[in-house]
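I have a structure I would like to understand better, so I am pasting it below and will then ask my questions one at a time.
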Amino acid sequence: MKGRVRVHKRWLAVMTALTLPAPLLASGLIDNVNGFTLDAEGKVQRFEGLLIDDHGKVEKLLQHKDKRPERLDFKTDGKGRTLMPGLIDAHGHVMALGFQALTLDLSGTHSLVAALAKVTAYAQAYPARRWIIGTGWNQEAWGLKRFPTAADIDAVLPDTPVWLARVDGHAGWANSKAMELAGVTAKTKSPAGGRIEMANGAPSGIFVDAAQSLIEKIVPLPLPKERDLALVKAQQNLLSLGITTITDMGTSLDDWQAFRRAGDRGKLGIRIISYAAGIDAMLNTAGSEPTPWLYNDHLRMVGVKFLLDGALGSRGAWLKAPYADAPGQSGLSLMTSAQLRNQMSRAAMDGFQVAVHAIGDKANAELLDAIDELAQTYTGDRRWRIEHAQIVDPADLPRFAQYGIIASMQPSHEASDWRMAQARMGEGRLGGAYAWRAMLDNHAPLAFGSDVPVETANPFPGIAIAMTREDASGEPFGGWRPEQRIALEDALKAYTIGSAYAGFADDRLGTLMPGKAADFVIMDSDISIASPTDIRVASVRETWIGGKPQFVRKDSPATDKRDEM
């Protein structure tokens, strides 16, 4: 009988503990900071202390007069430095960033000669490589006035197959050995949605958009351990730049498995909002509906990404009229109207968010037409996304506000491309080019990202560009099409609240208001009051996610460490 009494008392104690409300004890305090966040209206709100609860969320923003709790797990002295929300990259390519660090990177080259020198040096450094694989070339940055050719590579490396992706991923450059192994000859036809560049009646070595598959089908695939290492490299880069969440646009099943392996090992430091690379990847990864948040809100597949056209640099962007510098070309439509609607419908019927790459004015118009049609069937909070929206017919700009279409854009593209855009389009067709101000004026939700590794993932140059529309050299003075400049608060909102909203994560991310995740960065300067020039070079000292430091700059003194209480 006594044993039964003891069991009953133990059961009663357990049930009492389960039913009584748990004490609200904060687990940490970041104090003595020059803190700011954006409120629900996108206005700057300042604070001096950040209280973090034991779930890694913001408990309270403290002012100087507020009493500090005594019972804490840790307390950190911010030493008066600026604490701001972590930045959310609304459009990037996580694994591509990681592989850029592991393969030949031509993104810093400024001439064909320099690029070929790097190819040669890389081949000499890795003589056992069966293929030389790389990324990042850009003939526009070289001032080449043409595409490079297989013959250019053959002159320095004729016997080893070489495959080099253009900086935007929309074209590839092969040498003759690679084309020989792939069976590409003068008789090879360009596939639908692709173009084989020709020279003297033979393939030149440049393969645009869907034509890249002709070479890629024989390029060796990375091993799982190589993918894991690439993810480590990508996270290191992103966290060092203050990115706490990135939207991965075009996740393959292999990418997803790398994310999951990192999560299983407790090594997924950054948050990833995933959009599958097409229907097959969507179904094979998530199944019949978007996944739940995994690994304590660090990973979720919410939607699917489709490609409607190519890029301006390779003249693959789909235009309403021919290119000004290539009158016989109007770009590439990678899907027919019926295919686009069928693919979007297939995703929407299972509740997946739809994001579509559209750069040219014709592609944007076609996509707006498709959304207008499908929105009649698929009602509710769909948050249709148009990725890039770089060249839009001014007549189509007001249509973005209809159905709450999100303009997912990348400010750094404007600074990199404005000269090329003028050459490709002609001055008279650029009224809706990189039109951030027009999107806001038309009440279209705006989300900013980087398209990394096409551009640097660093959000601070992007904020400065959004404010000035000037490149790193300050050109053009006063900004290219300055009427499209936006204010600092608008740019910050697009990199935080807007990007969270675009990925259906605004219920937990985007600001440092109570109840949201304690994702923040500690800076050496206050960008909320800095000039665009100073914002461009702002540096991150620490990056915290869920109330825990994920990156601490090496030169941070030991006294910056958390004090356990």
Side-chain angles (χ1 to χ4, degrees), residues 93 95-188 190-191 194-223 226-227 229-230 233 310-311 313-316 453-454:
H93 307 280
M95 297 304 293
L97 171 61
F99 281 120
Q100 185 183 62
L102 299 178
T103 58
L104 173 59
D105 179 13
L106 300 176
S107 60
T109 58
H110 297 288
S111 69
L112 175 60
V113 172
L116 294 175
K118 290 199 73 170
V119 171
T120 303
Y122 189 87
Q124 292 172 347
Y126 300 99
R129 296 278 170 93
R130 291 181 297 155
W131 280 70
I132 301 300
I133 300 171
T135 61
W137 61 270
N138 182 357
Q139 82 282 4
E140 298 295 326
W142 298 342
L144 196 58
K145 306 299 183 182
R146 64 172 175 85
F147 279 124
T149 66
D152 294 323
I153 305 177
D154 295 344
V156 298
L157 201 64
D159 300 322
T160 302
V162 178
W163 178 241
L164 307 170
R166 194 180 185 279
V167 63
D168 56 17
H170 286 274
W173 176 20
N175 67 348
S176 296
K177 187 64 176 180
M179 291 192 288
E180 175 190 334
L181 293 174
V184 174
T185 69
K187 296 181 179 179
T188 303
S190 295
R195 183 175 72 249
I196 303 173
E197 290 287 327
M198 305 295 287
N200 300 318
S204 73
I206 296 297
F207 299 80
V208 179
D209 287 314
Q212 294 178 89
S213 64
L214 298 171
I215 304 295
E216 288 175 341
K217 66 184 180 183
I218 64 165
V219 176
L221 295 174
L223 299 173
E226 293 170 330
R227 291 184 178 277
L229 180 57
K233 295 290 187 181
S314 52
R315 297 190 186 89
V454 179

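All values derive from a computational prediction rather than experimental measurement. Atoms considered below: every heavy atom in the structure, side chains included; atoms not considered: hydrogens, waters and symmetry mates.
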Inset, instruction - Working to the nearest 0.5 Å, report the span between CD of Gln100 and NE2 of His93. - result: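 Rounded to the nearest 0.5 Å, the CD-NE2 separation comes out at 11.5 Å.
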Inset, instruction - Measure the CE-NZ distance between Met95 and Lys233 for me, rounded to the nearest 0.5 Å. - result: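 It is 13.0 Å, given to the nearest 0.5 Å.
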Legend entry - Under 3.5 Å donor-acceptor, Arg195 side chain and Gly316 backbone: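 No, the answer is negative, given that no donor and acceptor are paired below the 3.5 Å cut-off.
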Legend entry - Residue pair Gln139 / Arg166, side-chain heavy-atom distance below 4.5 Å: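 In short, these two side chains touch, coming nearer than 4.5 Å.
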Inset, instruction - Might you point out which heavy atoms bring Trp173 and Ile206 nearest each other, and give the distance in Å? - result: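 For Trp173 and Ile206, the tightest heavy-atom pair comes out as CB-CD1, 3.8 Å.
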Legend entry - Leu112 backbone acceptor or donor facing Asp152 side chain under 3.5 Å: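 Not a single qualifying donor-acceptor pair exists.
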Legend entry - Closest non-hydrogen atom pair, Asp209 against Gly310: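 Here Asp209 and Gly310 meet closest at OD2-CA, 3.3 Å.
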Inset, instruction - Please step through side-chain contact (heavy atoms from CB on, under 4.5 Å) for the pair Asn175 and Ile132, ending with a clear verdict. - result: CA-CA 10 Å; Asn175 67 348; Ile132 301 300; over 6 Å; no
Legend entry - Distance (rounded to the nearest 0.5 Å) between Asp154 CG and Thr149 OG1: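 Going from the CG atom of Asp154 to the OG1 atom of Thr149 covers 7.5 Å.
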Inset, instruction - Compare all side-chain heavy atoms of Thr188 with those of Thr185 and state whether any distance is below 4.5 angstrom. - result: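 Yes, close enough: below the 4.5 Å cut-off.
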Inset, instruction - Please tell me if the side chains of Met198 and Pro203 come closer than 4.5 Å, counting only heavy atoms from C-beta onward. - result: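 Yes. Closest side-chain heavy atoms under 4.5 Å.
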Inset, instruction - Could you grab the distance from atom CG of Asp159 to atom NZ of Lys177, nearest 0.5 Å is fine? - result: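 Going from CG on Asp159 over to NZ on Lys177, the span is 7.0 Å.
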Legend entry - Check: Leu164 main-chain N/O paired with Trp137 side-chain donor or acceptor under 3.5 Å: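 Checking the backbone N and O of Leu164 against the side chain of Trp137, a donor-acceptor pair under 3.5 Å is found.
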Inset, instruction - Output yes when a side-chain donor or acceptor of Ser176 lies under 3.5 Å from a complementary backbone atom of Ala150, and no otherwise. - result: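 Not confirmed, Ser176 side chain does not pair with Ala150 backbone.
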Inset, instruction - Report yes if some heavy atom in the side chain of Ile215 is under 4.5 Å from a heavy atom in the side chain of Met179; otherwise report no. - result: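 The answer is yes; the side chains approach within 4.5 Å.
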Inset, instruction - Of all the heavy-atom pairs spanning Asp168 and His170, show the shortest one and how long it is. - result: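 Heavy-atom minimum between the residues: OD1-N, 2.9 Å.
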Inset, instruction - Report yes if the side chains of Phe147 and Ser314 come closer than 4.5 Å at any heavy-atom pair, otherwise no. - result: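 Side chain of Phe147 against side chain of Ser314, heavy atoms only: contact under 4.5 Å found.
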Legend entry - Straight-line distance of Thr135 OG1 to Leu102 CG, nearest 0.5 Å: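 The OG1 atom of Thr135 sits 10.5 Å away from the CG atom of Leu102.
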Legend entry - Atom pair OG1/CH2 of Thr103 and Trp163 - distance to nearest 0.5 Å: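 These two atoms lie 13.5 Å from each other.
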Legend entry - Nearest atoms (heavy-atom pairs only) where Ala210 meets Ser213: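 Looking at all heavy atoms of both residues, the shortest contact is O-OG, 2.8 Å.
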Inset, instruction - Might you point out which heavy atoms bring Asp105 and Lys118 nearest each other, and give the distance in Å? - result: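 Shortest heavy-atom contact: O-NZ, 2.8 Å.
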Legend entry - Contact check, side chains of Ile218 and Trp131, non-hydrogen atoms, under 4.5 Å: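 Side chain of Ile218 against side chain of Trp131, heavy atoms only: contact under 4.5 Å found.
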Legend entry - Nearest non-hydrogen partners of Ala186 and Ala202, listed with the distance: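 The answer is CB-CA, 4.3 Å.
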Inset, instruction - Classify the side-chain pair Trp142/Thr109 by whether it contains a donor and acceptor separated by less than 3.5 Å. - result: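 Side-chain D/A pair, Trp142 to Thr109: present.
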Inset, instruction - Say whether, by atom type as modelled, one donor and one acceptor occur between the side chain of Asn138 and the main chain of Val167 under 3.5 angstrom. - result: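 No, the answer is negative, given that no donor and acceptor are paired below the 3.5 Å cut-off.
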Legend entry - Test item: Gln212 side-chain N/O and Gly169 main-chain N/O as donor-acceptor pair under 3.5 Å: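 Between the backbone of Gly169 and the side chain of Gln212 there is a qualifying donor-acceptor contact (under 3.5 Å).
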Inset, instruction - Could you tell me whether the side chain of Phe99 reaches within less than 4.5 Å of the side chain of Ile133, counting heavy atoms only? - result: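 A side-chain contact under 4.5 Å is absent here.
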